[in-house]
There are 2 protein chains.
Amino acid sequence: MIESDDFLGTTPIAIDDKGRFNVPSRIKSILDRKYNSDLIICVKENYLLISPHNEWIEGKKNWEKLDTFDDDDGKRKRMRKVLSRATECQMKSGKILIPANQRESVGLAKEAVLVGMSNTFEIWSREQWEKESG
Amino acid sequence: MIESDDFLGTTPIAIDDKGRFNVPSRIKSILDRKYNSDLIICVKENYLLISPHNEWIEGKKNWEKLDTFDDDDGKRKRMRKVLSRATECQMKSGKILIPANQRESVGLAKEAVLVGMSNTFEIWSREQWEKESG
DNA sequence: TAGGATGTGTCTCAAAGTGTCTCAAAGTAA
DNA sequence: TTACTTTGAGACACTTTGAGACACATCCTA
């Protein structure tokens with residue numbers, strides 16, 4: 001099957017009682033084909049940002065250049081905020097487990113939404129997503 | 001048969017109980033000849049916009065690059081707006097399936113209208129189309 | 001070392017998606 | 001008109017997907 005290499009679209013997902021969700025088949029097939037099961041989860045303002053590990057490494061090449069003289073109020077501050085709460089994770093048995101503290105950080109309950117963002121994807125609680133998109 | 005390379009005209013189509021429609025032969029022959037079966041469906045205000053995947057890739061070349069740490073108000077938000085409303089799909093067995101949530105987004109029931117728009121085409125519910133064109 | 005919280009593998013069943021056939025209607029050529 | 005071809009709606013059986021359930025594993029702390 002010929003498919004695009006981009007994460008796209010909005011898919012409602014259900015988070016189970018252990019904090020996992022089934023990776024939608026469209027997303028899973030892109031991970032299988034273009035990347036692998038290794039992922040990085042970042043906590044952003046009101047959603048979670050999930051990158052394939054390879055994409056993370058790519059991005060890192062850019063922000064690693066940030067030198068020690070950058071002032072503390074700008075980008076460095078934002079980076080610290082994100083990196084300090086980021087974790088590695090893996091897709092296992094077609095599912096992704098979101099650690100409890102990250103779920104709490106963005107108020108993820110059972111009903112959630114996965115939003116494709118080209119080379120990464122985001123997980124929103126349904127409430128937050130309705131605010132964002134509505 | 002004289003064949004144009006452009007999607008043109010207005011064709012009534014019937015959406016079946018699973019959410020598929022038969023691609024009108026005029027449209028199908030343009031897809032077969034000039035493009036292929038890979039498509040992108042975008043949810044617009046009150047209709048769906050379907051582009052051949054190639055056309056989408058062309059547009060994508062101009063996109064901004066996203067950064068893990070960028071603010072959520074700027075380019076990320078703009079990009080999310082576009083990407084979250086797009087889904088890729090394929091014409092299969094001469095039919096296109098419109099996912100349930102996209103059908104709901106624009107109120108597509110059984111009676112619909114396909115409108116050619118040169119290098120893309122649109123799907124309207126009959127009611128919306130009558131408002132738009134009438 | 002027992003018991004809770006967290007994390008993992010696998011199964012089931014309904015819903016979503018897919019391939020193919022039929023038949024009547026529309027279109028086309030002689 | 002008549003005979004032949006193409007088209008499109010519907011039917012139907014099959015496959016894939018995803019939510020939920022459940023049993024088991026691991027880790028931590030008391």
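No experiment lies behind these values; they were computed from the predicted model shown. Protein chains get the first letters and strands the later ones, always in sequence-line order, with residue 1 at the start of each. Scope of the values below: all heavy atoms of this structure, side chains included, with no hydrogens, waters or symmetry mates.
For B/Asp32, the salt bridge (charged side-chain N to carboxylate O under 4.0 Å, His left out) test picks out B/Lys28, with sequence neighbours left out. Under the side-chain contact (heavy atoms from CB on, under 4.5 Å) criterion, A/Leu83 pairs with A/Trp56, A/Trp63, A/Met79, B/Phe69, sequence neighbours left out. In terms of the salt bridge (charged side-chain N to carboxylate O under 4.0 Å, His left out) criterion, residue partners of B/Arg20 (sequence neighbours excluded) are, by chain and number, B/Asp16. For B/Glu132, there are no salt bridge (charged side-chain N to carboxylate O under 4.0 Å, His left out) partners at least two apart in sequence or on another chain. In terms of the salt bridge (charged side-chain N to carboxylate O under 4.0 Å, His left out) criterion, residue partners of A/Glu58 (sequence neighbours excluded) are, by chain and number, A/Lys61.
The list of salt bridge (Lys or Arg N to Asp or Glu O under 4.0 Å) pairs with a residue in residues 101-114 of chain B, not counting sequence neighbours, reads B/Glu111-B/Arg126. For residues 98-123 of chain A, the pairs satisfying ring pair (Phe, Tyr, Trp, His ring centres under 6.0 Å) are A/Phe7-A/Phe121, with sequence neighbours left out.
Panel note: side chain B/Ser37, backbone B/Gln90; no donor-acceptor pair is recorded below 3.5 Å.
Nearest-nucleotide mapping onto DNA chain C: of B/Arg103 and B/Ser93, the residue sitting toward the 5' end is B/Arg103. Checking A/Leu97 against B/Ala100, the closest nucleotide of DNA chain C that is more toward the 5' end is the one next to A/Leu97.
One end of the helix from C/dT1-D/dA30 to C/dA30-D/dT1 points its axis 30° away from the other end's axis, with each axis taken from 5 pairs and the angle rounded to 10°.
Other members of a hydrophobic cluster containing B/Leu97 are absent, since no ILVMFWY side chain comes under 4.5 Å of it, directly or through relayed contacts. Clustering of Ile, Leu, Val, Met, Phe, Trp and Tyr by side-chain heavy atoms under 4.5 Å joins B/Val115 with B/Tyr47, B/Leu49, B/Val113, B/Trp124, B/Trp129.
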Study note, to complete from the structure: Whether each nucleotide of nucleotides 24-30 of chain D has a protein heavy atom under 4.0 Å at its base (B), only at its sugar-phosphate (S) or at neither (-) is summarised, 5' to 3', as -------

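Nucleotide C/dA15 holds its C1' atom 14 Å from the CG atom of B/Asn101, rounded to whole Å. Distance CD1 (A/Ile96) to P (C/dG9): 14 Å, rounded to an integer number of Å. With rounding to whole Å, A/Ile41 atom CD1 is found 13 Å from C/dG7 atom C1'. Rounded to an integer number of Å, the gap from A/Glu88 CD to C/dG7 P is 15 Å.
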Check your understanding: side chain to side chain donor-acceptor pair (under 3.5 Å) between B/Glu55 and B/Thr120: does it pass, once the steps are laid out?
Key -> CA-CA 8 Å; B/Glu55 299 282 351; B/Thr120 62; over 6 Å; no

Would you list the protein and nucleotides 15-21 of chain D atom pairs, both N or O, that sit under 3.5 Å from each other?
unit_1, atom_1, unit_2, atom_2, d
D/dG18, OP1, A/Ser25, N, 3.3
D/dG18, OP2, A/Ser25, N, 3.0
D/dA19, N7, A/Asn22, ND2, 3.0
D/dG20, OP1, A/Lys110, NZ, 2.6

